[in-house]
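Take a look at the structure set out below.
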Amino acid sequence: MTEVTFKQFRSAAAGAIADPRLQSAIDGATLKFRTERHHALTELPDVDAMRDQLKAIRAATLSRLADHLETFERQATATGAKVHWARDAAEANQIAIDIARQHGVELIVKTKSMATEETHLNHALIDAGITPVETDLGEWIIQLAGEPPSHIVGPALHKTRQQVAELFSKEVGRELDPDDIPGLTAEARRLLREKFLAAGLGITGANLAVAETGSIVLVTNEGNGRLVTSAPPVQIALVGIEKIAPTWDDAAVWLQLLARSSTGQPLSIYTTAITGPAKADDPDGPREVHIILMDNGRSNQIGTGYEEVLECIRCGACLNACPVYQEVGGHSYGNPYSGPIGAVLVPLLFGLKEYEALPHASSLCTACLDACPVRINLPRMLLDLRRDEVQGRMLSPVERFIEQAAAYVLGHYRLYRLLTGTARIFQRPLVRGRFLRVPRRVNPAGERDLPSLAKRSFHDLWDEIR
Amino acid sequence: MSESKRIALMVTCLVDQVMPEVGVAAVRLLQRAGYTVDFPTEQTCCGQPFFNSGFRDQAVKLARRAVEIFEPYDAVVLPSGSCTTMIRAEYPHVLEAWPEWYERARQLAAKTYELSEFLVHWARWQPPHVANAPTLTYHDSCHMNRLLHLKQEPRTLLTAAGCTIVEMNESDRCCGFGGVFSIRLPEVSNAMTAEKVRRAAATEAGLLVSSDPGCLMQMRGMIKNTPLRAEHLATVLEELTR
C-alpha cells in the first residue's frame, strides 16, 4: 500500500518547489486552463443555472445509483456488450487480463483513463506478459518517462517541450528538435499508428456511461479514442460505478460543462459514443465490447457525509484553481488523483491513515469550490476528514495535547491573559521589531519570519482608548 | 438612531496579541461613524483554529462561549474576514446538533459583520476624501471574498478616502496562510506567500492592504526583501481620516 505521510508530502513538495522547470510548466498550463475555462463559462447564457442543474442530476443519480447501474447493465447487454462487475482494482485488472488472454493478445492500445491509472492496470498487464501502449499524447509521454500522471486532464502537464523531445528522441533513436512541435507530434502519430493497427485489444475508460442506451461516452481531442475503439477487434471500457448518466438529456448537461470546465473548449474535438459491438453490416468496429463496472471503494461513500465526492466528473478545474497544487504538482499527492479532489478522494477510497497528509494539503482557500462545475464542497470534506483523524486518534499525542491545551486556555479568559502576559516577558530577548528572531533550524515556519507579540495586547489598551 | 444600538467589537485573538493597533483603529473608525463601541473583555478566540484542525469538541466550546458573550449586542463587528466567516458560516454548522444552540448561533450570525461591510452597509459611512492618499494594492482574503462575497466594500472605502488602487494579478489568490497549514506544511505555505508577494510587488504600489490579520501576519513574514509594507484596512483608513 502506498502511503503519503507528512514527511513524504513535505519532501516531495519541497522538491517540486525547488524545480524551476516544473514550476514554469505547471504555472503556464494551469493559468492557460484557468483563463480558457473562464472564457468558456462566461460565454454560456446562464452558467450558474447549468451548474445547479448538473449538481441536481449528479445528486439524484447517486441517490438511486444501484437502479441506474442495473438499467445500464440491461441496456448494454441488449446491445451485445458484455458487462462485468469488479469489486476492486485487482478484480478489474484480472478481468481485463483474462479477456486479453482469451484472445491471445500481446499488444494493447489504450486511451487516457484515470480508472486504469487508479488500478495500475499497465503494471498488471506487463506482469502478465502483455504490452500496453498509451495513445493519448500526454499519457504516452509519461509512459515513456515511466511516471504517473500529474494532472487529471493533462497527465504530462509537468513536462516542458524540451523534456518531451528528449523522451521522443530516445524512442525513435535520433535527435528531435524541441522547438518543432508539429514534427514531434508527427513522430508520435507515425509510431502510434503502427500500434493501432497491430493491437489485438483496445482499452478505454469512460467520461460517462449513459444508462438508457447502455453507451460509453469518451471525450478526446486527438482522435486516438476513435482508433482505439474501432481498429482492434476487441474493446474493454473500465468505468467507475459513479460515472452513470441516466439519460442522454443528463449527458448533454454533463458534456456541456465538462470540456468548458477542463480545457475551456465548448466541446472537445471528439465526443465518441460506443453502443455495443459492431453490427453484422458495420464495415469496422470491435466485434466484442466488454464493460467493467468498478467499485473500488466508491460504494462505501454512498449514504455517508462524503457521498458528494462521487459527483465529480474529473474535469480537473479544481487542480487548476488550487494554489497548493500549483506549487507542489501532481506527483506530491502520491496517487494518480491529485489536487483538491485527490486530497479528498484518495483518503476516502484508499485509507485516511495511509494518506494522512492529503486532507492537510489545503489552505482551505475555497478556490476549488468556486471552480467545481458540480459545486462539490471539497473544503467541507477536507475539514470533515481532519475531524475523522482527530476522532480516530490518528494524530500524534503531542499535537493532540497542544491543541487541547490551547483550547483550554482560550476557554478561560483570565488564564489566557496571564499566559499571554507571561509570554510577552519571555519573548523579550528574541524580539526584533514586529518579529521574533528565531534560528532558522528551529523556526517551525521555515524561512518565514514569525511575529512577536505586541508590547501590550488590545485587552491591555482597552481602558485607555474606550 | 445609531447611538442607541449596542455595538460590540470582537477584536480576534490575532489582533489582540499581535497587532492591537488594528483593534484601536477599528474602534476609532466605528466612533467616527457615530457608534459607541463596547469591548466585552472576556472574549478570546472564535475557535476557527480548532475547527480547521479537526478538533470539533474544542471548536464547539469556543463557539458556545462566543455566542454567550456576544448575543446581548445589536451588532458584532470584526476586523477580520476570516473570523467573521467562522461565526457567520460555521457556528450554526458546528452547533447544529443542539437545536437551542443552533438557533442562538443563527441569531448571532445574522448580526455579525466584517468591519468594511459594517461601515458601508450598516453605518453607510463614507470616509472624507483626502488629498495625497496613498497608492496601494488590495489582497482579497479567501473567506471574505469567496464565502462572504465582500470584494467591493473595502475598495469602496479606500477609494472614497482618495486612495488609488492598483490591482495585482489574481488579487483573490490565497496568501498561503491557512492557519495551522502554515506550520504543518511550511514549505508549501511559504512558496504560496512568495508568489502572492511577488504579484503584489509587481504593482509597484508599495502598500499592500488586506482586511485579514492572518493574511497580514503571513505576508509580513515574507516581505522583508521587498519594498512592500503590509497594513490592515482599518489602520490605513484610520490614519487617513484623523
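The sequence lines fix the lettering, A, B, ..., with proteins before strands; numbering per chain opens at 1. Just so you know, these numbers come straight off a predicted model, no measurement behind them.
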Please work out whether the ring planes of A:H459 and B:F39 are parallel, tilted or perpendicular, with thresholds of 30° and 60°. perpendicular
Rounded to the nearest 0.5 Å, what's the gap from [atom1] on [X] to [atom2] on [Y]? Could you check?
{"X": "A:T366", "Y": "B:R146", "atom1": "OG1", "atom2": "CZ", "answer": "4.5 Å"}
{"X": "A:R414", "Y": "B:E42", "atom1": "CZ", "atom2": "CD", "answer": "9.0 Å"}
{"X": "A:L453", "Y": "B:L14", "atom1": "CG", "atom2": "CG", "answer": "10.0 Å"}
{"X": "B:C142", "Y": "A:L369", "atom1": "SG", "atom2": "CG", "answer": "12.0 Å"}
{"X": "B:Q43", "Y": "A:Y413", "atom1": "CD", "atom2": "OH", "answer": "10.0 Å"}

Relative to chain B, which segment of [X] carries a heavy atom at a distance below 4.5 Å: side chain, backbone, both, or neither?
{"X": "A:F9", "value": "side chain"}
{"X": "A:A13", "value": "side chain"}
{"X": "A:Q326", "value": "side chain"}
{"X": "A:V328", "value": "side chain"}
{"X": "A:I17", "value": "side chain"}

Measure distances from [X] to the heavy atoms of chain A and classify the residue's part below 4.5 Å as side chain, backbone, both or neither.
{"X": "B:K224", "value": "side chain"}
{"X": "B:R220", "value": "both"}
{"X": "B:C175", "value": "neither"}
{"X": "B:L62", "value": "side chain"}
{"X": "B:V11", "value": "side chain"}
{"X": "B:I223", "value": "neither"}

Determine the minimum heavy-atom distance between [X] and [Y], stating which atoms define it.
{"X": "A:D384", "Y": "B:R56", "value": "OD1-NH2, 2.8 Å"}
{"X": "B:P186", "Y": "A:R10", "value": "CG-NH2, 3.4 Å"}
{"X": "A:A407", "Y": "B:Q58", "value": "CB-CG, 3.3 Å"}
{"X": "A:A361", "Y": "B:L185", "value": "CA-CD1, 3.8 Å"}
{"X": "A:L410", "Y": "B:T44", "value": "O-OG1, 2.6 Å"}
{"X": "B:R28", "Y": "A:I465", "value": "NH1-O, 3.1 Å"}

Check whether any side-chain heavy atom of [X] sits under 4.5 Å from a side-chain heavy atom of [Y], and report yes or no.
{"X": "A:R424", "Y": "B:Q17", "value": "yes"}
{"X": "B:E170", "Y": "A:R34", "value": "yes"}
{"X": "A:E403", "Y": "B:P49", "value": "no"}
{"X": "B:V180", "Y": "A:H360", "value": "no"}
{"X": "A:L395", "Y": "B:F55", "value": "yes"}
{"X": "A:S363", "Y": "B:M192", "value": "yes"}
{"X": "B:C45", "Y": "A:Y416", "value": "no"}
{"X": "A:F458", "Y": "B:V27", "value": "yes"}

Could you check whether any side-chain N or O of A:R448 sits under 3.5 Å from a backbone N or O of B:Q218, counting only pairs where one atom can act as donor and the other as acceptor? no
Determine whether a donor-acceptor pair (N or O, by modelled atom type, separation under 3.5 Å) exists between the side chain of B:H143 and the backbone of A:L364. yes
Hey, is NZ on B:K151 packed in by over 12 heavy atoms from elsewhere, all under 6.0 Å? yes
Tell me whether A:F6 at atom CZ has more than 12 heavy atoms from other residues, nucleotides or ligands lying less than 6.0 Å away. yes
Taking it one step at a time, do B:K196 and A:E327 satisfy salt bridge (Lys or Arg N to Asp or Glu O under 4.0 Å)? CA-CA 12 Å; B:K196 183 82 209 182; A:E327 297 299 339; over 6 Å; no
Choice from B:E187, B:Q31, B:M217 maximising heavy atom contacts with chain A below 4.5 Å: B:E187
Selection from B:T41, B:T193, B:V188 maximising heavy-atom pairs under 4.5 Å formed with chain A: B:T41
Highest number of heavy-atom pairs under 4.5 Å with chain B among A:Q391, A:R466, A:R400, A:E399 belongs to A:E399
A:E356 and B:R184 ion-paired at < 4.0 Å: no
Charged N-O contact under 4.0 Å between B:D16 and A:R417: no
